[in-house]
Structure formats: C-alpha cells, structure tokens
Amino acid sequence: MLPAFSVATAVVRAEDSPQAQTPGPPAADPRGDADAAPAMFAHSEPDRWWISGQANFISQWHPAFRSPYQGVNSLTPEAQDATSRVLTLFTGLQLTGTTELLCDVQETGGHGIGEALGLAGATNLDVVRNPLLSKAPYVARLMWHQIIPLSREKAASTRTPFSLSRALPVRRLEIRFGKFSIVDFFDANAYGSDTNFQFMNWTVDNNGTYDYAADTRGFTFAAMVEYHDRRWAVRFAEALMPKIANGIHLDADVSRAHAENIEFEVHGSVVRQREGIVRFLGFVNHANMGSYSEAVENFFARITPSPEITAHPAQTTVKYGFAANFEQPLNDWVGIFGRWGWNEGQHESFAYTEVDQTAQIGVGGNGRRWSRKFDRAGLVFVSNGISRDHQEYLALGGSGFLLGDGRLNYGRESSVETYYTLHAWRGIYPSFGLQHVNNPGYNRDRGPVVVPTLRLHLEF
C-alpha cells in the first residue's frame, strides 16, 4: 500500500492473512522535489500520458533466538531467510487538463521471514503472505482522478503516477474513485512511507494502529475527496472492508460493512524557512468483527475450547481510532519525523496489523551532505502495544491473524530500524538495513530478534 506525499510514494493465512504494502510510485528526495530519483529510462515529457515501472527485491535473515515455547502464529525461532519481490507497471492518461485515468499492474512473489507471523511490526512490508493467492499479474489500482479548480493561482507540481499535472490550483478539490490503497493518500510521511527507498517495518512505514480498509494485498474500492488550500488540506474517504479479517474478498454490502477515513493536514514553519507538516487522522470501521472480551467469556463458559475471536454469529461492530504524524526538515538534507496512534482495542484487528497503541520517532534524509544527493539513510525507533482485552485473549491461548504464541508474558514490542540506500547508477538502488525487535509479538519470554536486510530497487 503506498502512501503519497508531495511526491507520491507507494505504498495473508489464506483468506485471513496479513496484507502487504506494495511499493508505489518513484519517490523524490525527501523535501527536495527538484531532485527526483533517476530512472533507467527517461520518462515521457508530454503531460497527457505516463508510463513507468519498478521492481523491488527484499532479502532478510534472522539468526536463532530465545524461545522457550511457541504457538501456531509464532515467529519461528530457528535461523531462517526469505526473499520477496514486487514488480509494478504504472500507466496514466490525462483526458483533459483536470481529468485523469490511472492504472497500475503488479506481480508479487517470494516470502517473508516467518511468513510475516509472530510480529506486530513485521519486518518486510512488501510481503503478501498468502500462498494460495494467484501468482499472475493483477490490477492493483484503477482510479478516476478529477481536479476541480477553486482559484486561478497555480503552484508547480511534480508529476507522479498518481497525478500527471505539472501545475495545480492552489485552492482546489480533488476527487478519486476506484481501486487504490487508502494509505496511498492517508498517513503519508516524507521520511517514513516508502519500502522502495526507506524503512521496511510495517509499523514504521504506516501507523500500526491505523486498521485501514483493505484486502489481503492492501487495496480496496473507495471514493475520496480532498480540499487543498495554501497551508492546509483535508481529505475524506469511504471504503469497502474485507468480509473476514484481512481476507482477499471485499464486502460490497455497504449497509453492513464500510469504513470512514478523515485526515486534516497543516503546513507551517517551526524551523526558519523549513516548512513542516502535521497530519491528524481518524477512522471508523464497520465490519463483521469479533470482541476480545466476548471471546474470553465464551472460553471461560466452555463454549469454545480456547478463546476464538471468529466464533460469533454474523454481526456488524465498530472499531475506531485516532493518529497523528509529523515531518520537519532541519536543513536541505536531514529531517525528523514521528507518529502516534491509538485505537479502541476491544474489537479484533481486522485489516492491517495487531497494534492498539503506537509511538515512533526517527530521522531521515539524503546524501547531499557528502555529495550523494540521491542516496538515502534513516534511523527510527517504534514502540507498539495492545489493549488489556487483547492481552488477555492472547495470554489464554487465543490467536489473531498475525499473533498467537499460545501464552503471553506481556511487554511492549519495540523495534529499532536503520537503512542506507545507495544510488549506484541511473535507476539502480541497492541498500542495506538492520532491524532489532524486543518482545516479538508482545512476549517478554521470546527474542530479541535481529534482522539484517539487503534490498535491490530498480526504477524504469
């Protein structure tokens, strides 16, 4: 799923497996739109159409770690390695100066360590952890994009696969309708949103508490409207939810399942002549979600042999949450960023990952300081937690779509991640990363886990 910022950046158990975030459009240097990432082949200059491609290969390994016990959804404690791939073709056609049709086709394959089980902050956001999904290429995005000018004044805009215009009205409405990822446009961050060039942990590139509407691969059908002004913007999206937790099939009956997403974005200068951005997000999901406390009650009443979050009649319940993120450049090559998030934690994690509280702080930038302006580097710390109901459910042997060690000695799951991405030549970007995870799956009895990473990203 690939969020977008001033230059858009992108953004699995069969039927109830955790979704992947697939890489998205080519990213610019953070806070430096004039230095867009070079590609192997020059992109078309005419504004009426767009065609580009990319490939992202991520290989990870972890050594053996301490694990006195494990359950059905535990990260395997034996040493293991895995490699994933995502291939994407972006196309777009500008029908008029204000109307565009955009279509992306993807092919995914490979695996993630532990098949993305056992960690709330899984280490590879590109992983689609459903071996039963077809390996054939699929339409990831197919959307209509309409711009409604509200002022004559225009500002320069970088062309991306999500917006083909070179200039946009300062005040405008933008309407999108079709298939896309909610985090293409919500919870974006210039320093931490892109698995092509930046971090790879699920709860670094996206807010872990944001249980955003999506199918297994991270996409949904939605309608979105945005209002943009000179120093602020607001966006709202109505989207379809999956039929079951992280399932591949979306529920088209909006009377029983749907999601509302709203985000308010403010631009301002805290550091002199360096504009920062703060975003405030809220979401409400309506879907066939179970309750952790009811699952525990049914277990104690001997209705189920173990706590089972899916053991309930068809119903519509509500899950909601709030989040914020900020980005602040300090100079022309480095900046700081962070996220905070909370959701009510009473109903099951349904569409993204098993996190009910999160906080992160990090630093990111480019290599301009050492005459390598297309290189990127970053360091981040993120701490995730779950509600008391969620803790009790896992401690008694319950399993979610990601977690389930059979029991639980609760502690917050905390991760440190760092990376360096090298611009080797034209559109070739090798990188090295390292993650260190304490209390994997919120379990003090297991870990820590160290995950070195090699990544190769190609831009066409």
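Only a predicted model underlies this, so the values are computations on that prediction, with no experimental measurement involved.
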*Asks:* Is there a ring-ring contact (aromatic ring centres under 6.0 Å, His included) between Phe350 and His347 once you walk through the steps?
*Replies:* CA-CA 8 Å; Phe350 203 72; His347 296 95; over 10 Å; no

*Asks:* Side chains of Asp445 and Asn409 only: does a donor on one sit below 3.5 Å from an acceptor on the other?
*Replies:* yes

*Asks:* Can a side-chain donor-acceptor contact be found between Asp375 and Tyr429 if the only test is distance below 3.5 angstrom?
*Replies:*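 There is no such pair (donor and acceptor under 3.5 Å, judged by atom type) between the side chains of Tyr429 and Asp375.
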
*Asks:* Just by distance, no angles: are the side chains of Asn201 and Gln435 close enough, under 3.5 Å, to form a donor-acceptor pair?
*Replies:*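 Side chains of Asn201 and Gln435: pair found under 3.5 Å.
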
*Asks:* Give the intermediate values and the outcome of side chain to side chain contact (heavy atoms under 4.5 Å, CB included) for residues Ile361 and Val380.
*Replies:* CA-CA 6 Å; Ile361 187 71; Val380 69; over 6 Å; no

*Asks:* Any carboxylate oxygen within less than 4.0 angstrom of a Lys/Arg side-chain nitrogen, looking at Arg256 and Asp251?
*Replies:*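 Asp251 and Arg256: salt-bridged.
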
*Asks:* Verify the distance criterion only: is there a donor paired with an acceptor across the side chains of Glu78 and Thr76 at less than 3.5 Å?
*Replies:*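 Note: Glu78 and Thr76 side chains miss the donor-acceptor criterion.
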
*Asks:* Hey, are the side chains of Phe381 and Gln360 touching, using non-hydrogen atoms and a 4.5 Å cut-off?
*Replies:* no

*Asks:* Going by the side-chain hydrogen bond (donor to acceptor under 3.5 Å, both in side chains) test, name the single residue among Asp205, Thr203, Thr209 that passes it with Asn207.
*Replies:* Thr209

*Asks:* Do Arg444 and Asn439 have side-chain atoms, one donor and one acceptor, less than 3.5 Å apart?
*Replies:* no

*Asks:* Quick check: does any side chain N or O of Asp215 sit under 3.5 Å from a backbone N or O of Arg217, one acting as donor and the other as acceptor?
*Replies:* yes

*Asks:* Please identify which of these residues, Asn56, Asn196, Asn124, meets the side-chain contact (heavy atoms from CB on, under 4.5 Å) condition with Arg455.
*Replies:* Asn56

*Asks:* For Phe162 and Phe185, take the angle between the two ring planes, folded into 0 to 90°, and tell me which bin it lands in: parallel under 30, tilted 30 to 60, perpendicular over 60.
*Replies:*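 Because their plane-to-plane angle lies in the 30° to 60° range, the rings of Phe162 and Phe185 count as tilted.
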
*Asks:* Aromatic ring centroids of Tyr212 and Tyr352 under 6.0 Å?
*Replies:* yes

*Asks:* Could you tell me whether Phe322 and Trp340 have their ring centroids closer than 6.0 angstrom?
*Replies:* no

*Asks:* For the residue pair His62 and Gln80, confirm or rule out a side-chain donor-acceptor distance under 3.5 Å.
*Replies:* yes

*Asks:* Near Phe177 CZ, under 6.0 Å, is it more than 12 heavy atoms from other residues, nucleotides or ligands?
*Replies:*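 Open: at most 12 neighbouring heavy atoms sit under 6.0 Å from CZ of Phe177.
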
*Asks:* Please report the C-alpha distance between Val225 and Leu173 in whole Å, then the side-chain angles of each, then the deciding distance to 0.1 Å, and finally whether the side chain to side chain contact (heavy atoms under 4.5 Å, CB included) criterion is met.
*Replies:* CA-CA 7 Å; Val225 60; Leu173 286 174; 4.3 Å; yes

*Asks:* For Glu174 and Glu226, indicate whether the former's side chain and the latter's backbone hold a donor-acceptor pair under 3.5 Å.
*Replies:*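 Not confirmed, Glu174 side chain does not pair with Glu226 backbone.
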
*Asks:* Could you tell me if the side chain of Trp61 sits less than 4.5 Å from the side chain of Ile113, heavy atoms only?
*Replies:* no

*Asks:* Determine, step by step, whether Phe300 and Leu396 satisfy the side chain to side chain contact (heavy atoms under 4.5 Å, CB included) criterion, reporting the C-alpha distance in whole Å, the side-chain angles of both residues, the deciding distance to 0.1 Å, and the verdict.
*Replies:* CA-CA 10 Å; Phe300 284 134; Leu396 292 171; 3.7 Å; yes

*Asks:* Using 4.0 Å as the upper bound for N to carboxylate O, is an ion pair formed by Arg235 and Glu265?
*Replies:*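 Looking at Glu265 and Arg235, the cut-off is met.
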
*Asks:* What heavy-atom pair brings Arg339 and Ala188 nearest, and what distance separates the two atoms?
*Replies:*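 It is NH2-C, 4.3 Å.
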
*Asks:* Any chance you could lay out the side chain to side chain contact (heavy atoms under 4.5 Å, CB included) test for Ile58 and Met200, step after step, and finish with the verdict?
*Replies:* CA-CA 9 Å; Ile58 296 176; Met200 286 159 272; 3.8 Å; yes

*Asks:* Between Arg376 and Phe197, is NZ or CZ placed under 6.0 angstrom from the six-membered ring centre and within 45° of the ring axis?
*Replies:* yes

*Asks:* Could you tell me which non-hydrogen atom of Ala259 sits nearest to which non-hydrogen atom of Ala213, and how far apart they are?
*Replies:*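 Looks like CB-CB, 3.8 Å.
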
*Asks:* Got more than 12 heavy atoms from elsewhere within 6.0 Å of NZ, Lys243?
*Replies:* no

*Asks:* Using a strict cut-off of less than 4.0 Å between a Lys/Arg side-chain nitrogen and an Asp/Glu carboxylate oxygen, indicate whether Glu107 and Lys135 qualify as a salt bridge.
*Replies:* no

*Asks:* For residues Asp104 and Tyr138, is any side-chain donor paired with an opposing acceptor at under 3.5 Å?
*Replies:*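 Tyr138 and Asp104 do not have a side-chain donor-acceptor pair below 3.5 Å.
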
*Asks:* Determine whether the aromatic ring centres of Phe199 and Tyr419 lie less than 6.0 Å apart.
*Replies:*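 Yes, the ring of Phe199 comes within the 6.0 Å limit of the ring of Tyr419, centre to centre.
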
*Asks:* Examine distances only and state if a side-chain atom of Asn288 and a backbone atom of Gln315 form a donor-acceptor pair shorter than 3.5 Å.
*Replies:* yes

*Asks:* Hey, which of Phe186, Phe280, Tyr227, Trp232 is the one that makes ring pair (Phe, Tyr, Trp, His ring centres under 6.0 Å) with Phe264?
*Replies:* Trp232

*Asks:* Quick check on Arg66: does its CZ atom have over 12 non-hydrogen neighbours (other residues, nucleotides or ligands) under 6.0 Å away?
*Replies:*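 Atom CZ in Arg66 is crowded, with more than 12 foreign heavy atoms closer than 6.0 Å.
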
*Asks:* Can the ring centroids of Trp50 and Phe90 be said to lie less than 6.0 angstrom from one another?
*Replies:* no

*Asks:* Between Glu413 (side chain) and Gly121 (backbone), is there a donor-acceptor pair under 3.5 Å?
*Replies:* yes

*Asks:* Are Phe337 and Phe326 close enough that their ring centres sit under 6.0 Å apart?
*Replies:* no

*Asks:* Side chains of Asp126 and Thr195: any donor to acceptor distance under 3.5 Å?
*Replies:*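 Looking only at side-chain atoms, Asp126 and Thr195 do form a donor-acceptor pair, the distance falling under 3.5 Å.
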
*Asks:* Where the side chain of Asn343 meets the backbone of Gly345, is there a donor-acceptor pair that is under 3.5 Å apart?
*Replies:*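 Present.
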
*Asks:* Using 30° and 60° as the class limits, which term best fits the ring planes of Phe374 and His423: parallel, tilted or perpendicular?
*Replies:*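 If you compare the ring of Phe374 with that of His423, the planes turn out perpendicular.
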
*Asks:* Any idea which heavy atoms bring Gln357 and Val355 closest together, and the distance?
*Replies:* O-CG1, 3.2 Å

*Asks:* Using atom types as modelled and distance alone, determine if a side-chain donor or acceptor of Tyr393 lies under 3.5 Å from a backbone N or O of Ile309.
*Replies:* yes

*Asks:* In plain terms, say whether Lys319 and Glu348 are close enough for a salt bridge, that is, a side-chain N and a carboxylate O under 4.0 Å apart.
*Replies:* no

